[in-house]
Amino acid sequence: MTSSAGALPGMDHAARRDRLRALLEEAGCEALLVTRPVDVRYLTGFAGSSGAVVVGASPADDMLVTDARYRERIVDLDVAQVELARPVGAVVAALGSMPLGVDAEHVTLAQADRLESARDGRPVVRTRGLVAGLRASKDVAEVARLRRACNITAEVLRGVAHTGASPGIAERSLAHAIEHAFREHGADGVAFPTIVASGPNGASPHHEAGDRVLTEGDLVTIDCGAEVDGYRADMTRTLAVGDVAAVPSRLREVHALVEAANAAGRAAARVDGDVASIDRAARDVIATAGYGDAFVHPTGHGIGLDVHEAPLVTDPSAASLPPGATFTVEPGIYLPGVGGVRIEDSVVVLEGTVDVLTDLERGLVPALSDGA
Ligand code: ZN
Ligand code: ZN
């Protein structure tokens, strides 16, 4: 299948550690202890759930700390030093009086206390968002993984749009079929639990998938994503179950409005542009039509190793979009007791272009259409 064919470009973890290293002096430290698993993965490729990395003053100082359960997973890593047996506290103590930073967003007070007592009371330096800031701009290898994850997601949703969301199928059966299809198309896993919200359940943005059976004339909101090598797609389409003509006219109007808001949001995206203008562009379409109070969440969020990461696409926000920023545009209208519509695309901004990674028509098509 096209979406899963071909080798992906290799990841240059050493280059990422070098970019982090260049930030340390200004942050007031000579070494940074990174403990959040997804950040450790970003910096080293180590995907175990228990590990930490110290990025030091030079590449020779970099060190991954994990335990013996992960002996096989460390074979191909390019980190200068790997510690399998010593606890993080002992490694930190061995760094002596060197100013050591931690990410204050991801270290608990208890962990900070333990690190400081391992350092004979010398304080650790509280830094904020250094790795998150690097992760906000994806390199070529990351964009390739997201592109593949999004291609798989769009292919599977295309199949659902044509044959899958039939009257009579339960939400949870459809969710299961989608997740199974991701793997059949070459995904490594599921980015997050699939949302299938039919009929009135569509009014809840985070309804997952329950026992309700899809019924002719429903709208069904399907929000799902494939995962490839840790990178997570995020995509939503809202389909008609059965004949489009059986969908209440108010919901068809709402669908067209959300489609227009999605297009306006994508059109406002550009390299070095601000995220607030994307949120405003999408929200204005919905607010002008009188549904402003029914659009109850930000227009989007960053995607990558986490399905929700920086930046939040909201207004106000000071965040802007560096080349390689990947994020969603996902306006929605939610009408309690009636139903809802959300249309979500994953997007990457690159020099001179804005690529929609989740390429699939957005208009209200009958779920049973045999398409073309
Ligand atoms: Zn989503
Ligand atoms: Zn999303």
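Atoms within a ligand are numbered from 1 in the order they appear, just like the ligands themselves.
Other cluster members for V54: L33, M63, V65, V88, V91, V92, L95, L100, V102, V107, L115, V124, joined by side-chain heavy-atom distances under 4.5 Å among Ile, Leu, Val, Met, Phe, Trp and Tyr. Under a 4.5 Å side-chain heavy-atom criterion applied to ILVMFWY residues, the cluster that includes V307 comprises F192 as well.
Only one option out of T236, I222, V258 pairs with R342 in a side-chain contact (heavy atoms from CB on, under 4.5 Å); it is T236.
Using a cutoff of 4.0 Å between basic side-chain nitrogens and carboxylate oxygens, R237 and D345 are scored as salt-bridged.
The set of protein atoms (N, O or S) found at less than 2.8 Å from the Zn ion (ligand 2) reads D234 OD2, H301 NE2, E330 OE2, E344 OE2, by chain and number.
Applying the ring pair (Phe, Tyr, Trp, His ring centres under 6.0 Å) definition to pairs two or more places apart or across chains, those involving residues 35-63 are F46-Y70.
When all heavy atoms of A240 and V247 are compared, the pair lying nearest together is CB-CG2, 3.8 Å.
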